[in-house]
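Note on naming: letters A, B, ... go to the chains in the order of the sequence lines (proteins, then strands), and numbering restarts at 1 for each one. Computed from a predicted model, the values in this text were never measured in an experiment.
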Protein chains: 2
Amino acid sequence: MSRPTKQSPERGNARTRLLEAARDVVRAKGYAAATVDDLCRAADVTKGAFFHHFASKDALGVAAAEFWNEETTAFFEAAPYHQPADALERILAYVAFRKAIIVGEPPEFTCLAGTMAQEVYASSPDIRDACALSIFGHTATLEADIEAARRERGIAGDWTAASLARHTQAVLQGGFVLAKAGNDPELARESLDHLDRYIRHLFHVAEEDAQ
Amino acid sequence: MSRPTKQSPERGNARTRLLEAARDVVRAKGYAAATVDDLCRAADVTKGAFFHHFASKDALGVAAAEFWNEETTAFFEAAPYHQPADALERILAYVAFRKAIIVGEPPEFTCLAGTMAQEVYASSPDIRDACALSIFGHTATLEADIEAARRERGIAGDWTAASLARHTQAVLQGGFVLAKAGNDPELARESLDHLDRYIRHLFHVAEEDAQ
DNA sequence: TTATACATACCTTTTAGTCGGTATGTGTCA
DNA sequence: TGACACATACCGACTAAAAGGTATGTATAA
């Protein structure tokens with residue numbers, strides 16, 4: 001593999017490979033159990049490269065949460081669920097899309113930010129806060145569609161768009177916890193079916209049978 | 001503090017204190033970040049006592065998950081939400097009870113099993129499985145009430161009692177993740193409001209305003 | 001010739017786990 | 001009833017390995 005040049009500093013450089021390794025290894029074994037040597041091995045770089053790019057392991061943890069945020073933001077922005085002109089349809093398409101991408105082993109589809117935030121709550125507040133930014137930043141993108149759908153359809157009710165957006169995240173995160181505990185992706189998918197049914201109820205639309 | 005005798009081996013012994021310490025410390029900083037010395041300090045016992053009672057740190061992890069399971073099982077069995085004669089009322093009382101006990105800092109009300117299962121998914125399958133037993137064992141207790149409520153009220157729908165029981169757990173676990181990430185208990189409580197509304201919808205009963 | 005991006009050997013602290021020892025309760029037999 | 005053997009519960013210094021982090025050297029690009 002060729003040395004990265006200054007013209008293309010992003011392409012396959014050690015920093016990016018380490019962030020990708022963190023993303024994958026941490027989702028499987030947790031942040032604290034993922035040692036610096038583990039991460040270097042997974043990224044196929046040396047310790048020198050690690051501490052050249054990151055001042056400490058915790059600094060990598062923060063950067064990994066930020067990297068995860070950028071990566072997922074770009075991924076969901078490019079996703080097809082934005083296409084429907086109707087806001088509620090976009091919301092339901094979002095839920096369907098989240099369900100559709102739950103494939104493979106739990107570490108492949110679960111959320112790095114949720115895993116790390118829960119684990120490092122008291123031991124690394126910096127990492128926790130970076131994870132919170134990722135989670136709650138993502139809910140904000142959904143909130144706009146929910147608010148639009150409410151207006152379009154004149155929906156009342158004692159709930160807010162922000163709260164439903166956060167609930168959607170909670171169902172996802174909780175589904176991931178169950179999927180990891182039971183080592184079964186279906187546990188995450190079935191909660192999204194319940195969420196779909198709940199949202200249709202809030203907006204007074206009929207359920208669809210096949211999902 | 002007096003030495004425990006063979007007549008009262010359970011009272012305040014080192015083993016129990018270590019399990020309680022694990023319950024509290026792990027929920028705050030995660031399993032891997034909780035060192036044996038941390039746990040001994042929190043339990044006010046020595047390392048000798050630790051390794052007298054547990055063959056390894058992982059063995060303590062498994063025992064802590066089992067201890068958590070026993071403790072929460074007893075707690076929820078004794079809880080008042082079982083009182084209503086009507087099954088649906090018991091379910092809604094359960095959700096209200098789960099909401100009511102979300103007080104204090106996140107490590108005080110979040111779930112040890114959920115935290116550990118997510119973290120040790122690949123690093124300690126033994127612990128993960130012990131956590132799964134606790135989580136899915138608890139859903140089973142709720143499932144009976146859901147099934148009873150369905151029969152009593154003749155509710156159809158393409159969902160099962162088992163799946164709704166698991167969804168309830170997912171909403172709880174997800175709420176805990178958000179509460180830890182945002183360091184705000186209200187994030188867990190608000191998802192339970194959505195869950196309450198969803199369950200009332202499934203059983204065709206009106207919402208109550210104040211919760 | 002200077003800055004960047006590594007590589008490698010090394011250092012220091014922390015970590016899980018060990019080991020010999022002590023205190024105390026318990027069963028047994030004279 | 002007391003002496004003895006034995007088991008359980010615990011103590012705390014020690015150890016080996018693993019951990020995060022450092023120091024120094026080198027190749028390449030600008």
Side-chain angles (χ1 to χ4, degrees), chain A residues 1-22 25-26 28-64 67 116 119-120 122-124 126-127, chain B residues 1-22 25-26 28-64 67 116 119-120 122-124 126-127:
Chain A
M1 181 153 288
S2 63
R3 260 302 150 67
T5 67
K6 209 161 193 177
Q7 286 92 343
S8 66
E10 313 303 331
R11 210 210 83 250
N13 58 0
R15 186 187 147 87
T16 302
R17 292 218 303 282
L18 279 165
L19 292 171
E20 289 166 348
V25 175
V26 171
K29 47 163 46 181
Y31 171 76
T35 69
V36 172
D37 283 323
D38 278 343
L39 298 170
C40 290
R41 216 173 303 128
D44 198 32
V45 303
T46 61
K47 261 184 142 165
F50 186 105
F51 286 101
H52 172 70
H53 288 289
F54 304 102
S56 65
K57 191 195 167 188
D58 268 25
L60 167 96
V62 171
F67 177 74
M116 283 208 296
E119 175 184 351
V120 305
S123 43
S124 300
D126 289 355
I127 298 177
Chain B
M1 182 155 285
S2 64
R3 264 297 149 69
T5 66
K6 210 159 193 177
Q7 285 92 341
S8 67
E10 313 302 332
R11 212 208 80 252
N13 57 359
R15 186 187 147 88
T16 302
R17 291 217 304 282
L18 279 165
L19 292 171
E20 289 166 347
V25 176
V26 171
K29 46 162 43 182
Y31 171 75
T35 69
V36 172
D37 282 323
D38 278 343
L39 298 170
C40 290
R41 216 173 304 128
D44 197 33
V45 303
T46 60
K47 263 184 140 163
F50 186 105
F51 286 100
H52 171 72
H53 289 288
F54 305 102
S56 64
K57 192 193 166 188
D58 268 27
L60 166 96
V62 172
F67 177 73
M116 283 209 295
E119 176 183 351
V120 306
S123 42
S124 300
D126 288 356
I127 297 177

Would B:Glu20 and B:Phe67 satisfy side chain to side chain contact (heavy atoms under 4.5 Å, CB included), going step by step from the backbone distance to the final call?
-> CA-CA 8 Å; B:Glu20 289 166 347; B:Phe67 177 73; 3.9 Å; yes
Between C:dC6 and A:His53, is there an OP1 or OP2 to side-chain N/O distance shorter than 4.0 Å?
-> yes
Going 5' to 3' along nucleotides 15-21 of chain D, which nucleotides have protein heavy atoms under 4.0 Å from the base (write B), which only from the sugar-phosphate (write S), and which from neither (write -)?
-> ----SBB
Report the distance from atom CG of B:Asn13 to atom P of C:dG25, rounded to the nearest whole Å.
-> 15 Å
Distance, rounded to the nearest Å, where B:Arg15 contributes CZ and D:dT8 contributes C1' = 14 Å
Side chain to side chain contact (heavy atoms under 4.5 Å, CB included) between A:Phe54 and A:Val62, worked out | CA-CA 10 Å; A:Phe54 304 102; A:Val62 171; over 6 Å; no
How many angstroms lie between CD1 in B:Ile127 and OG in B:Ser123, if you round to the nearest 0.5 Å?
-> 7.5 Å
Mind checking whether B:Asp126 and B:Asp58 have side chains closer than 4.5 Å, heavy atoms only?
-> no
Considering the terminal five base pairs at each end of the helix from C:dT1-D:dA30 to C:dA30-D:dT1, what angle separates the two local helix axes, rounded to 10°?
-> 0°
A:Arg17 CZ to A:His53 NE2 distance, which is reported to the nearest 0.5 Å | 9.0 Å
Passes side chain to side chain contact (heavy atoms under 4.5 Å, CB included), B:Val36 versus B:Lys47? Steps please.
-> CA-CA 8 Å; B:Val36 172; B:Lys47 263 184 140 163; 4.1 Å; yes
Between C:dC6 atom P and A:Phe54 atom CZ, what is the distance in whole Å?
-> 11 Å
Chi angles and distances behind the side chain to side chain contact (heavy atoms under 4.5 Å, CB included) call for A:Lys57, A:Tyr31 = CA-CA 10 Å; A:Lys57 191 195 167 188; A:Tyr31 171 76; 3.6 Å; yes
Sort out for me which residue in A:Leu60, A:Leu19, A:Val45 forms a side chain to side chain contact (heavy atoms under 4.5 Å, CB included) with A:Leu39.
-> A:Leu60
Looking only at side-chain N and O atoms, does A:His52 come under 4.0 Å of OP1 or OP2 in C:dA5?
-> yes
